[in-house]
Amino acid sequence: MVERSHKPAAINAASGQEDTAIVIADSDKVTLKLQTGESVEILLYGATIVSWKSGGEEKLWISESAKLDGSKAVRGGVPLVFPVFGKHDDPSVTELPQHGFARVSKWEFLGKTSNSPTNIQVDLGLSPSQVPQELREKWNNPFGLIYSVNLSQTSIETKMLVRNEGTESFKFHVLFHTYFKVPDVTKVKVVGLNGLGFKDKVASALNEVNSHFTLSGEVDRVYHKAPRSVIIEDDKQVRFHVESANLEDVVVWNPWANGTPKIVDFDPKDGWKNMLCVETGSVANFQSLEAGSVWEGGQVITATDSL
Ligand code: TA6
């Protein structure tokens, strides 16, 4: 059951008991905390996850100059891409800015939808009235989004539900633009994508070796028909396991040393060494959603080094 909005500032998951999972919501941010120390912070602006701590460590990369005040999409964490990925020449979305409006709209906190001391979920919602007017006019479809974030001891799950509330079908892309924090991207191996069809946005510099690839320069690639499971590891250990549901594509992005000077809010400029975007989504083709229908897709990211 979705609990509707405007919860008290602190909601104790175990009805008054102390030291269990909690959700703290204020006008800008929702924080989930487990008794065992794991936490997630979600800005209502963009419903952007800006922090995920597990095993005592931050798991997501965020730029030191990321704007967290709602003036710009957040550079880092998990921004949401909807209803278009990148710039696109389809007439229904040409006017929208890169990556659409979900990441620059203020979402509503709908409430806590499940919990136990070791697991907690919240939902956030977006409807046309919350989208900045000038963007709403550029994609004038009646829609409803429900974004669910579930925190457990070693993983976070993000799920998007898209509802067509109009009388005509519409098309959309959706993507979780996750910025993973890694100790050294030059040592990272990405397992699960070799041999797939892809579209390169730049001449991506990567080396395929057996079942994984490593990066040796800027990479910006959309893999099509990806398997459900992608692994991010390095010479020391498996760091993340990304498992998706009903999402066919995976984008891999790192701007490298030549790319970061062009991104004003990317700091430090050598921060590319400590990040890698591995983004599950549905972006190679548009999803078409009939009037009155619902689409759902999601991912579970497990931080395997904190197991
Ligand atoms: O997902 C990869 C990508 O689309 C790249 O092409 C790159 O530009 C990146 O996203 C960041 O985009 P942004 O609009 O956040 O600067």
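On a predicted model such as this, the values are computed, not experimentally measured, just so you know. Ligands are counted one by one from 1 in listed order, and the atoms in each one are counted from 1 as well.
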(message) What I want to know is whether Glu279 and ligand 1 share at least one N or O pair that is separated by under 3.5 angstrom.
(response)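 So ligand 1 has an N or O lying under 3.5 Å from an N or O of Glu279.
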(message) Taking distance alone, with N or O pairs closer than 3.5 Å, would you say Lys201 contacts ligand 1?
(response)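 Indeed, backbone or side chain, Lys201 has an N or O that close.
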(request) Would you mind listing which atoms of ligand 1 come within a distance below 4.0 Å of any non-hydrogen atom of Val251? (result)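 Answer for ligand 1: 1 (O), 2 (C).
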(request) Mark up the atoms of ligand 1 that fall under 4.0 Å of a heavy atom belonging to Phe85, in ascending order. (result)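 Numbered from 1, ligand 1 contributes 1 (O), 4 (O).
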How about [X] and [Y]: does a side-chain donor come under 3.5 Å of a side-chain acceptor?
X	Y	result
Asn258	Glu218	yes
Asp267	Ser63	no
Ser293	Asn164	no
Gln121	Ser114	no
Asn119	Asn150	yes

Protein heavy-atom partner closest to [atom] - residue, atom, separation in Å:
atom	answer
atom 8 (O) of ligand 1	Gln98 NE2, 3.8 Å
atom 16 (O) of ligand 1	Arg75 NH2, 2.9 Å
atom 6 (O) of ligand 1	Asp220 OD2, 2.5 Å
atom 10 (O) of ligand 1	His177 NE2, 3.0 Å

(message) Centroid separation under 6.0 Å, is that true for the rings of Phe143 and Phe82?
(response)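 Yes, close enough.
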(request) Name all residues meeting the salt bridge (Lys or Arg N to Asp or Glu O under 4.0 Å) criterion together with Lys187; count only those two or more places apart in sequence or in a different chain, and write none if there are none. (result)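 Salt bridge (Lys or Arg N to Asp or Glu O under 4.0 Å) check on Lys187 returns Asp184.
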(request) Check Arg103 against ligand 1 and report side chain, backbone, both or neither, counting heavy atoms closer than 4.0 Å. (result)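 For Arg103, the contact with ligand 1 is made by the side chain alone.
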